[in-house]
Structures are given as C-alpha cells and as structure tokens.
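What you see below is based on every heavy atom in this structure, not just the backbone, and it leaves out hydrogens, waters and symmetry mates.
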Amino acid sequence: MSEEKVKEDVIELPGTVIEEVRGAFRVKLEGMEHIVLCRLAGKMRKFRIRVVPGDHVTVEVSPYDMTRGRITYRDK
C-alpha cells in the first residue's frame with residue numbers, strides 16, 4: 001500500500017494588499033468585504049519578492065480559520 005502526500009485543504013482567493021503590519025500584510029479579498037492578516041509564503045521570502053500596499057496577490061486561506069492566510073503569488 002502506498003501513501004500519497006495530500007496537500008492540506010486550502011482555499012486560494014485573489015485580493016489586494018491594503019497595509020503592512022510588522023512583517024505581515026492586511027489583504028482585502030476581492031468580491032467580499034473580508035480582510036485577512038497574511039504572511040509571505042516561504043518561496044516568496046527565499047526569492048525576496050517584495051509586496052507593497054496596492055499589489056494584487058493570491059492568498060491561501062485555511063477553511064478552519066478565515067482570518068489568517070499566506071500570500072503565495074504577487075500579480076504583475
């Protein structure tokens with residue numbers, strides 16, 4: 001029997017960064033009036049991708065805690 005690695009259940013949503021808060025970012029999700037506190041994903045920190053207020057980003061949010069998330073992609 002082989003074990004498969006299953007990616008944790010996450011919801012990917014587009015949003016816009018509205019402010020930076022000590023290493024984290026407040027992101028307003030598109031299509032809803034929901035604001036999520038997000039950190040940068042490890043690959044984004046590794047490759048030093050800068051995120052500033054006003055950037056359009058993709059956020060991964062856990063279905064268990066919709067108030068926190070992880071920024072995984074910055075749109076151009």
With rounding to the nearest 0.5 Å, note down the distance linking CG in Asp65 to CG in Leu37.
10.0 Å
Got a donor-acceptor contact below 3.5 angstrom from the [X] side chain to the [Y] backbone?
{"X": "Arg70", "Y": "Val61", "answer": "no"}
{"X": "Asp55", "Y": "Val52", "answer": "yes"}
{"X": "Arg74", "Y": "His56", "answer": "no"}

Among Ile, Leu, Val, Met, Phe, Trp and Tyr joined by side-chain contacts under 4.5 Å, find the other residues sharing a cluster with Tyr64 and list them by chain and number.
none
Running the 4.5 Å side-chain criterion over Ile, Leu, Val, Met, Phe, Trp and Tyr, what cluster does Ile35 land in, apart from itself?
Ile18
So, do [X] and [Y] sit near enough that their side-chain heavy atoms are less than 4.5 Å apart?
{"X": "Val57", "Y": "Thr16", "result": "no"}
{"X": "Pro63", "Y": "Ile11", "result": "yes"}
{"X": "Val59", "Y": "Cys38", "result": "yes"}

For [X], what residues pass the side-chain contact (heavy atoms from CB on, under 4.5 Å) criterion, not counting sequence neighbours?
{"X": "Glu20", "value": "Phe25"}
{"X": "His34", "value": "Leu29, Met32, Val36, Met66"}
{"X": "Val21", "value": "Glu19, Arg26"}

Evaluate side chain to side chain contact (heavy atoms under 4.5 Å, CB included) for Glu33 paired with Lys28, printing each intermediate quantity in order.
CA-CA 7 Å; Glu33 294 297 319; Lys28 183 177 183 296; 3.7 Å; yes
Report whether Tyr73 and Val27 are members of the same hydrophobic cluster (ILVMFWY, side-chain heavy atoms less than 4.5 Å apart, transitive linking).
no
Test Leu13 against Glu60 for side chain to side chain contact (heavy atoms under 4.5 Å, CB included), laying out the working first.
CA-CA 7 Å; Leu13 300 166; Glu60 285 185 352; over 6 Å; no
From CA spacing to verdict: side chain to side chain contact (heavy atoms under 4.5 Å, CB included), Arg68, Arg39
CA-CA 8 Å; Arg68 296 182 181 272; Arg39 293 201 170 270; over 6 Å; no
side-chain hydrogen bond (donor to acceptor under 3.5 Å, both in side chains) with Asp75: which residues, sequence neighbours excluded?
none
